[in-house]
Amino acid sequence: VTAVDATEAAALLQAAREGRRPALARLLSMVERGGDDAREAGTVAHPLGGDAYTIGLTGAPGSGKSTLTTALCARVRRDGDRIAVLAIDPSSPFSGGAILGDRVRMGEHALDDGVFIRSMATRGHLGGLALATPTAVRVLDAVGFPWVVIETVGVGQVEVEVAGAADTVVVVVNPGWGDAIQANKAGLMEIADVFVVNKADRAGAADTVRDLEGMLSLSDIEGPRPAIVSTVATDGSGVDELWEAIADHRRRITEDGTIVERRRRRIETELSELVAATLAQRARVAVDGAGFDAAVGEVAARLTDPWTTVDRLLDGSA
Ligand SMILES: Nc1nc2c(ncn2[C@@H]2O[C@H](COP(=O)(O)OP(=O)(O)OP(=O)(O)O)[C@@H](O)[C@H]2O)c(=O)[nH]1
Ligand SMILES: [Mg+2]
């Protein structure tokens with residue numbers, strides 16, 4: 001893979017803005033690779049963004065997130081708006097199963113220029129998902145998608161954080177004893193702006209709604225209560241209501257101004273993470289791989305402490 005320079009990134013972005021999908025796909029691959037490539041893509045995109053509205057969609061594996069997202073795409077297309085979907089780190093990124101599954105499920109939109117769907121897997125490099133996602137959104141924003149859905153599995157701290165860093169956060173649960181409790185444990189209660197009880201064609205949906213209401217009334221989360229919507233994603237039931245709930249939330253945070261605060265906090269988190277990743281990278285470069293390993297060995301052997309070592313690593317990196 002060859003590095004892409006700033007002129008090339010700008011040319012790719014221009015082409016993507018003119019509707020050329022291969023150019024957009026290449027930009028997102030740059031973001032996935034991280035490092036300098038991600039920086040080039042993000043740098044050209046950043047000044048052109050700011051108009052996209054982001055929806056985070058998270059929940060247990062198999063709860064119907066992708067099916068719901070497909071239904072939401074259809075809903076958005078009825079209004080004539082364009083929509084992009086980032087399916088982050090699908091459960092089995094390398095088997096091809098999840099990605100292929102997403103394609104098949106989202107197949108009804110495959111020929112629609114107004115819908116762009118992309119799976120992203122960024123495990124293993126510095127900053128990973130937490131850094132790649134905001135920059136991928138930046139690119140889609142700059143390309144002119146007014147709606148961007150970020151789908152993550154609601155398991156694992158980073159996945160929950162990534163979906164939680166959206167303008168409206170939708171948490172998907174299913175009927176069944178304990179699903180709401182699991183969502184609570186995974187930290188999804190705190191981030192939800194809208195709850196969806198999907199697979200409402202199965203027994204127990206009303207009980208799950210009650211569980212959620214009960215938990216919400218016991219919680220000490222500030223601000224208005226999240227809406228709870230029941231859906232059957234496979235036949236589209238409840239999807240209009242879900243879209244209404246998202247639109248209501250958007251109206252509310254726009255009117256009371258909290259959207260500005262949300263977006264600022266997001267940038268704050270991103271900057272902290274970027275500083276940490278940049279410093280970690282510099283420290284490693286300053287001492288080369290063997291030097292870093294040697295530093296690890298010295299701390300492990302208690303020849304020195306971690307703080308002194310960090311000072312030394314960063315001193316050499318200025
Ligand atoms: N009965 C029923 N099945 C559903 C419903 N929504 C989705 N499914 C099915 O549930 C399965 C999982 O759906 P997905 O949309 O792939 O779920 P997901 O949450 O995106 O899954 P991961 O991305 O793998 O975590 C599929 O077989 C869907 O057809 C629903 O409302 N009712
Ligand atoms: Mg999915």
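One-based numbering, in listed order, for ligands and for the atoms of each. None of these values were measured; they are calculated from a predicted model.
Using a 3.5 Å distance cut-off with no hydrogens or angles, the side chains of Thr152 and Thr58 do pair a donor with an acceptor. Side-chain contact check for Ser66 and Glu151: at least one donor-acceptor pair (N or O, by modelled atom type) lies under 3.5 Å.
In this comparison of Lys199, Arg202, Glu151, the heavy atom closest to atom 23 (O) of ligand 1 sits on Glu151. The heavy atom nearest to atom 4 (C) of ligand 1, considering only Asp235, Leu57, Thr234, is found in Thr234. Closest heavy-atom approach to atom 14 (P) of ligand 1 among the candidates Val197, Thr231, Leu68, Thr67: Thr67.
Listed by number with element, the atoms of ligand 1 under 4.0 angstrom from any heavy atom of Pro61 are 25 (O). Which parts of ligand 1 touch Asp201 is read off a 4.0 Å heavy-atom cut-off, strictly below it: atoms 1 (N), 2 (C), 30 (C), 31 (O), 32 (N). Per-residue contacts place Val153 under 4.0 angstrom from the following atoms of ligand 1 (heavy atoms of the residue considered): 25 (O). Within the listing of ligand 1, atoms 15 (O), 18 (P), 20 (O) sit less than 4.0 angstrom from a heavy atom of Ser66.
Aromatic ring pairs are classed by plane angle as parallel below 30°, tilted from 30° to 60° and perpendicular above 60°; the pair Phe145 and Phe116 is tilted.
The side-chain hydrogen bond (donor to acceptor under 3.5 Å, both in side chains) search around Arg118 returns Ser29, Glu32, not counting sequence neighbours.
Connectivity analysis of hydrophobic side chains (ILVMFWY, heavy atoms under 4.5 Å, direct or indirect) links Ile267 to Leu271.
Taking backbone and side-chain atoms together, Ser66 has an N/O/S atom less than 2.8 Å away from the Mg ion (ligand 2).
In terms of polar-atom proximity, Val232 is not counted as a contact of ligand 1, lacking any N or O under 3.5 Å from an N or O of the ligand.
Each of Asp81, Thr168, Asp167, Asp141 was scored for a side-chain hydrogen bond (donor to acceptor under 3.5 Å, both in side chains) with Tyr53, with one residue passing: Thr168.
Residue Arg250 places its CZ atom among more than 12 non-hydrogen atoms of other residues, nucleotides or ligands, all under 6.0 Å distant.
When the Mg ion (ligand 2) is compared with the N/O/S atoms of Glu151, atom OE2 turns out nearest.
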